[in-house]
Protein chains: 2
Amino acid sequence: MPKLDESLLSGLPPFAGLDRAEIREILDQAASRRFEEGATVFREGHDADRFFLLLDGYLRVVRSTPGGDQVIVLHISPGQLFGIAPALQRDTYPATAIAAAESIALSWPVRLWSDFADAYPGFATETYKTLGERIGQVQQTLTEMATQAVEKRVAAAVLRMVNQSGRKADGGIEIAFPVTRQNIADMTGTTLHTVSRLLSGWEKAGMVESTRKHITVTDPHRLVVLAGGAD
Amino acid sequence: MPKLDESLLSGLPPFAGLDRAEIREILDQAASRRFEEGATVFREGHDADRFFLLLDGYLRVVRSTPGGDQVIVLHISPGQLFGIAPALQRDTYPATAIAAAESIALSWPVRLWSDFADAYPGFATETYKTLGERIGQVQQTLTEMATQAVEKRVAAAVLRMVNQSGRKADGGIEIAFPVTRQNIADMTGTTLHTVSRLLSGWEKAGMVESTRKHITVTDPHRLVVLAGGAD
DNA sequence: CCGCGAGTTTGATCAAGAGCAACGTTGCCC
DNA sequence: GGGCAACGTTGCTCTTGATCAAACTCGCGG
């Protein structure tokens with residue numbers, strides 16, 4: 001395996017304030033791996049034997065029902081820790097992580113987690129902070145799902161992706177990873193048909209532009225209003 | 001304030017393995033308080049200045065939308081820690097906690113949190129375990145909400161309450177705290193009308209019995225089948 | 001360049017469940 | 001013990017969004 005560069009980690013919150021030697025030490029214990037779009041990083045119910053840091057790309061975190069339907073619980077962006085079930089004393093992963101785009105992740109065996117936490121005070125703190133944000137996000141999604149009509153939920157889901165991964169494009173902000181209508185349906189508990197109709201409508205109204213697997217929001221403000229005005 | 005008895009804590013996971021003196025120390029720093037049914041323990045968005053342990057009773061954890069709708073995210077049973085947002089580096093509570101029945105809770109100022117965690121190894125571990133279970137529960141609810149029809153969701157919600165607080169009653173298992181149709185509607189993202197109809201139907205079919213604010217499940221197995229068979 | 005498959009669009013139909021309205025019950029408070 | 005408020009039931013209507021069906025478009029590999 002090629003030597004990894006220290007600058008990969010030095011800017012990230014969990015490792016903030018560590019010196020080069022410490023980061024070197026951490027990196028030397030990491031495995032780096034590339035995942036194709038659609039590849040599975042870990043699977044619900046499997047032994048949680050490693051924890052991860054996403055360096056590049058985007059992941060979907062998915063839960064499936066016994067009936068075979070799947071729900072996208074949240075997305076992971078570069079720089080975030082994930083698969084940190086072990087920090088919560090779980091011994092299996094509670095969900096499946098799938099690469100939404102080509103991605104690169106570092107991983108460590110779980111036993112190192114407590115070593116890191118002991119040795120570098122900020123590490124545990126940051127992990128738990130991430131977790132806190134994530135639980136808040138899931139609860140937020142839950143309340144939306146329980147109270148809002150489909151159009152609001154879809155608008156909110158699109159905005160969430162834009163906020164998390166948006167990058168400037170010609171005449172708008174573009175979601176940085178491939179998304180199908182089916183994906184959005186899986187985030188919002190609806191069908192790809194309904195999502196398609198909604199997007200078509202918004203496109204006609206000049207709020208978004210979309211091609212195959214790609215969405216650009218051209219009028220974020222109107223979409224925010226649609227999502228419930230709470231801006 | 002009357003002196004609290006050590007036996008209150010000695011059997012609970014977060015304090016397992018501590019000797020009397022340690023438990024005494026912890027108890028002496030706790031405030032004990034009684035909450036009437038319907039009383040608010042802490043409120044969404046307020047400063048998270050204390051964390052809690054429920055000694056007796058049941059709580060609902062609620063999130064509200066800007067539009068005024070509310071969703072019951074989960075319930076807390078006796079012996080559980082709650083309001084542990086501070087452990088996740090949050091400085092406000094992410095939800096509101098309301099007594100579902102008359103309840104008694106201990107609480108400590110957040111600054112003691114890290115003291116406890118440092119001094120008693122099991123304490124932090126158990127908290128994070130609780131948190132892990134809770135995030136799993138919320139995700140579970142989310143996937144149900146996204147994929148299941150109303151009847152299944154309501155059946156699942158009733159079963160969850162029974163599992164968490166069920167006590168034997170004449171000819172069935174009874175939910176140990178008061179629940180209105182509206183409450184169940186708030187757990188499942190539906191209306192009290194629909195819940196009422198469903199319960200009436202189940203009662204006719206001999207699966208449940210219910211009076212005002214009280215539900216007894218007389219045929220759990222059939223209800224489980226209804227909820228999606230995943231038993 | 002053709003054919004195929006994944007992703008998307010659009011129309012038509014239909015059922016679940018929300019909304020509305022009215023009435024019935026229970027228990028509590030004065 | 002009467003009245004009131006909170007909780008529950010039930011019928012009817014109407015909307016939302018799922019389901020079914022079919023065709024279209026793009027991009028890719030052979």
Engineer: Can you sort out the partners of B:K213 under salt bridge (Lys or Arg N to Asp or Glu O under 4.0 Å), two or more places apart, ordered by chain and number?
Structural biologist: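 B:K213 satisfies salt bridge (Lys or Arg N to Asp or Glu O under 4.0 Å) with B:E37 only.
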
Engineer: Show every donor-acceptor pair shorter than 3.5 Å between a side-chain atom in residues 93-107 of chain B and any protein atom, with sequence neighbours excluded, or say none if there are none.
Structural biologist:
residue, atom, partner, partner atom, Å
B:Y93, OH, B:R50, N, 3.1
B:Y93, OH, B:R50, O, 2.4
B:T96, OG1, B:E44, N, 2.9
B:E102, OE2, B:R34, NE, 2.7
B:E102, OE2, B:R34, NH2, 3.1
B:S103, OG, B:Y58, N, 3.2
B:S103, OG, B:Y58, O, 3.4
B:S103, OG, B:A101, O, 2.8
B:S107, OG, B:R50, NE, 2.8
B:S107, OG, B:R50, NH2, 3.3

Engineer: Tell me every residue that passes salt bridge (Lys or Arg N to Asp or Glu O under 4.0 Å) with A:D47, counting only those two or more places apart in sequence or in another chain.
Structural biologist: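 None.
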
Engineer: Can you measure from OG (A:S200) to CZ (A:R181) and round to the nearest 0.5 angstrom?
Structural biologist: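 That separation rounds to 7.0 Å.
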
Engineer: Has A:R153 got a side-chain atom pairing as donor or acceptor with A:T190's backbone, closer than 3.5 angstrom?
Structural biologist: no

Engineer: With sugar-phosphate meaning primed atoms plus P, OP1 and OP2, does A:L199 contact a base, only sugar-phosphate, or nothing at under 4.0 Å between heavy atoms?
Structural biologist: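 The answer is nothing, as A:L199 stays clear of every strand by at least 4.0 Å.
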
Engineer: Does the side chain of A:Q80 come under 3.5 Å of the side chain of A:T130 through a donor N or O and an acceptor N or O?
Structural biologist: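 No, no side-chain donor-acceptor contact under 3.5 Å.
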
Engineer: Quick one: does A:T188's side chain have a donor or acceptor within less than 3.5 Å of a partner on A:I184's backbone?
Structural biologist: yes

Engineer: Under 4.0 Å, heavy atom to any atom of DNA chain C: which of residues 176-185 of chain A qualify?
Structural biologist: A:T180, A:R181

Engineer: The criterion is side chain to side chain contact (heavy atoms under 4.5 Å, CB included); which residues satisfy it with B:P14, sequence neighbours excluded?
Structural biologist: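 Residues passing side chain to side chain contact (heavy atoms under 4.5 Å, CB included) with B:P14: B:L12, B:L81, B:F123, B:E126.
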
Engineer: Please write out the pairs of protein N or O atoms and N or O atoms of nucleotides 21-27 of chain D separated by less than 3.5 Å, giving the distance to one decimal.
Structural biologist:
residue, atom, partner, partner atom, Å
D:dT25, O2, A:R212, NH2, 3.2

Engineer: Return the set of residues passing side chain to side chain contact (heavy atoms under 4.5 Å, CB included) with A:I173 (not counting sequence neighbours), or none when no residue passes.
Structural biologist: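 So A:I173 forms a side chain to side chain contact (heavy atoms under 4.5 Å, CB included) with A:V162, A:P220.
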
Engineer: Scan for ring pair (Phe, Tyr, Trp, His ring centres under 6.0 Å) pairs involving residues 184-207 of chain B, sequence neighbours excluded, and state none if there are none.
Structural biologist: none

Engineer: Using the heavy-atom set of chain A and a strict 4.0 Å cut-off, write down the first and last nucleotide of DNA chain C that makes it in, 5' to 3'.
Structural biologist: C:dA6 to C:dA12

Engineer: Using side chain to side chain contact (heavy atoms under 4.5 Å, CB included) as the criterion, list what pairs up with B:A169, not counting sequence neighbours.
Structural biologist: B:E174

Engineer: Would you say the side-chain atoms of B:T218 and B:E209 include a donor-acceptor pair closer than 3.5 Å?
Structural biologist: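 Result is no, nothing qualifies.
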
Engineer: Just how large is the angle between the end axes of the helix from C:dC1-D:dG30 to C:dC30-D:dG1, five pairs per end, to 10 degrees?
Structural biologist: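 Axis-to-axis angle, ends of the helix: 30°.
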
Engineer: Show me the pairs that pass ring pair (Phe, Tyr, Trp, His ring centres under 6.0 Å) and involve residues 148-170 of chain B, at least two apart or across chains.
Structural biologist: none

Engineer: What nucleic acid atoms does B:T211 come within less than 4.0 Å of, heavy atoms only: base, sugar-phosphate, or nothing?
Structural biologist: nothing

